[in-house]
Amino acid sequence: MKFLYRMELDFDAPVHEHHFTMKCLPRSSCRQIISDLRFAIDPDVRVWRGRDGFGNIKLMGYLKQPHDHIQVCVSGRALVDGVMDREKSQFFPYGCMKYASALTKAGPAIRAIHQKTREKAEKAESGLHFYRRKPELIFAAAAMEAVHEALAYIPGSTGVCTSAEQAARAGRGVCQDFAQVMLAVLRMEAIPCRYVCGILAGEGESHAWVEVFSDGAWTGFDPTNLIPADERHLVISYGRDARDCRINQGVFLGLDNGIVCQRQNIICKTIQYGDYYDKNDSISRISC
Amino acid sequence: MGMVDIHEMDLLQRKEAMNEQLARYGVRFGIYKNNVFHEQLFPYDPIPRVIEKADFAYLEKGLKQRVTALNEFILDIYGKKQIIKDGVVPEEFVFAGSGYLAQCEGIVPSKRVCSHISGIDLVLGKDGNWYILEDNLRIPSGASYPMIARELERRCSPTTFRQYQVDDNRDYALLLRNVMDYVSAGGIPVILTPGRYNAAYFEHSYLAEKTGAQLVSGQDLFVEDNCLFCKNYNGEKEKVGVVYRRISDDYLDPLNFCEDSLIGVPHIFDAYRAGNVALMNAPGNGVADDKGIYYFVPKMIRYYLKEEPILSNAPTYLPYYEEDMKYVLEHFDRLVLKDVAEAGGYGVKFANTMTSKGKEDFIDLLKKEPRRFIAQEVVDFQDIDIYDKSGFVPRKADLRAFVLYGEEPVVWKSGLTRFTTNPDSYIVNSSQGGGFKDTWVLSR
């Protein structure tokens with residue numbers, strides 16, 4: 001697929017001394033090949049690259065002069081294949097992914113969903129040939145179902161810092177919350193699993209889902225849509241929870257006293273191969 | 001006391017003069033009580049802890065061995081994790097511990113040194129053996145106190161050091177600077193302080209003065225193109241090669257750790273990951289000095305170095321293991337229990353001081369969260385005399401030995417001896433109120 005990804009940051013008052021990190025470039029892995037990657041930023045500022053502890057690509061920069069708007073554009077082509085991401089690392093492959101992180105600690109609401117998951121998993125085991133008979137994957141499929149039932153998808157009902165427990169208690173959230181609640185449930189069973197931030201073909205915003213480690217590979221589950229992650233799910237970054245995968249993160253100073261609010265608007269556009277598309281839509285012609 | 005007869009010491013007559021001098025030089029430390037910052041003088045006692053040459057040689061060997069193994073452990077954890085794969089350390093003690101930082105995965109610090117400055121706390125037991133109480137590998141402080149005390153002792157009582165053959169301890173700054181230069185990625189050396197409201201600000205400024213490194217705070221530094229720069233007085237920028245940072249990991253970089261940090265430097269951690277600046281001590285070292293990991297240090301020494309540990313831990317039990325839990329419940333009353341997440345003398349409970357209700361509650365908690373606690377035998381350690389209004393009185397005291405790791409580990413021939421002013425207390429932490437002594441290593 002071709003993808004285009006545009007992020008706009010607006011501040012209600014001008015800010016300066018702005019240091020930022022963006023994790024918005026997808027990288028090639030066993031399940032996806034990325035090519036023709038382009039990046040543009042406005043205002044024009046020097047940007048340098050790095051990686052984080054999970055291998056995600058980071059773009060970093062420092063905008064000294066006052067500004068109230070930043071726009072970033074990323075585009076490229078991706079060949080996404082299959083469901084599993086084989087773990088290449090010969091090191092301890094899942095490390096900390098088995099343990100509750102700051103946003104995926106279990107409380108009463110998570111424990112209730114965990115209980116439901118157990119009941120579902122028990123029933124499923126008798127007849128399920130799917131998921132290669134791996135108990136952790138069968139449990140994950142049950143958790144995906146339980147989470148999907150427990151939460152209502154209501155945009156704007158939670159924030160970036162909402163924990164899994166808070167979302168589970170409220171019974172609603174967005175894809176980030178669905179993913180984190182599912183992670184919290186899986187980590188109660190000590191099943192290694194990671195948070196994935198990415199793009200779902202056909203959706204206009206960034207998306208989040210879960211990958212579960214089993215038998216040397218990561219298998220994707222999308223609890224928001226109750227489907228396994230497939231060739232429509234393009235991975236941008238992964239981590240313990242949403243905090244490791246923030247698309248944009250920054251520190252800045254306001255010019256006046258008082259609190260400056262920041263609004264973030266993300267637009268994704270994907271074009272599946274085989275779909276008909278207008279030539280004018282070709283990515284090289286989209287300017288930022 | 002070997003060759004030193006403390007009753008005859010000229011220094012005893014200089015106690016007041018010494019404390020006045022120390023106050024004049026601003027030797028103090030700060031404590032936050034109910035969110036209010038209090039700065040206190042750190043009371044000095046003129047009777048030094050004296051360590052014989054042969055005893056120190058033994059300590060030196062043991063400390064080098066321990067720090068070498070700890071350094072290997074940190075490299076291993078953020079690298080191949082062989083020690084976990086081989087089942088020597090259970091994974092949950094690493095990954096679920098508060099000291100582990102996933103951000104550090106895959107980083108090999110400059111010259112493979114993680115623990116540049118280690119502060120190892122020991123006590124001398126009544127049985128004549130040294131016991132390790134704690135390893136401090138994050139930002140151990142305290143070296144400046146015996147440094148300046150020695151300098152002032154020489155000034156207040158010049159005859160003392162003609163009379164006794166004591167190893168000079170004023171080389172600490174040189175050892176520290178050597179480490180900084182050895183690991184530097186090219187550029188100037190700086191000491192990064194959180195500012196004057198930090199408990200150890202005296203030390204930061206003193207070490208900067210003595211090492212010739214520049215004392216800076218977060219606003220003086222910035223990152224561009226994955227390199228760290230320092231703004232000087234003319235507004236020019238200079239590349240920084242090594243940062244001896246006295247800011248904890250959490251507050252070091254708001255874009256990699258705690259987001260609301262105002263004292264850190266955005267992207268400093270990324271410059272470090274790229275290898276363009278050395279940070280000392282390395283971020284993530286907390287994974288090796290966690291109270292829960294302490295139990296495993298003798299195993300690490302055997303695992304990485306294929307040697308028997310020279311210095312022993314205080315006898316420690318991990319309730320996480322069933323047989324240890326059994327032992328702890330059977331001998332509960334004589335043990336001391338420590339919460340692995342706490343530091344600075346907090347979260348330490350002596351079972352014999354608990355009420356019966358408190359004991360019951362604690363045992364319930366222990367059974368529910370066995371990983372959270374370690375239990376130790378109370379080490380009966382030797383008292384050291386302090387010189388009080390009433391003369392010589394014995395007090396509990398420990399020793400913080402400093403190991404500096406550059407090309408190879410070097411043990412500083414001195415150390416910080418802390419004592420408790422309260423005759424019934426075993427906790428010598430300076431944040432709990434106590435004083436310090438100079439530590440003399442005899443050169444003959």
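Below, all heavy atoms of this structure are taken into account, side chains as well, without hydrogens, waters or symmetry copies. Letters A, B, ... are given to chains in the order of the sequence lines, protein chains preceding strands, and every chain is numbered from 1.
Among the candidates B/A274, B/A96, B/A102, the residue making the largest number of heavy-atom pairs closer than 4.5 Å to chain A is B/A102. Between chain A and the options B/Q103, B/R273, B/E105, the largest number of non-hydrogen pairs under 4.5 Å is found for B/R273.
For chain A, the nearby part of B/N256 is the side chain; its heavy atoms alone come within less than 4.5 Å. Contacts of B/Q82 with chain A are absent, with no heavy-atom separation under 4.5 Å from either backbone or side chain. With a threshold of 4.5 angstrom between heavy atoms, B/V223 approaches chain A through its backbone and through its side chain.
Remark: aromatic rings of A/F20 and A/F252 are distant, center separation not under 6.0 Å. Taking the six-membered ring for Trp and the full ring otherwise, the centers of B/F257 and B/F269 sit less than 6.0 Å from each other. The distance between the ring centers of B/Y320 and B/F93 falls below 6.0 angstrom.
Contacts between residues 226-255 of chain B and chain A, defined by a heavy-atom separation under 4.5 Å, are made by B/N226, B/P254, B/L255.
With B/Y303 as the aromatic partner, B/K306 meets the cation-pi criteria of under 6.0 angstrom to the ring centre and within 45 degrees of the ring axis.
Atom CD of A/Q65 is surrounded by more than 12 heavy atoms from other residues, nucleotides or ligands within 6.0 Å.
A side-chain donor-acceptor contact under 3.5 Å links A/H67 and A/H18.
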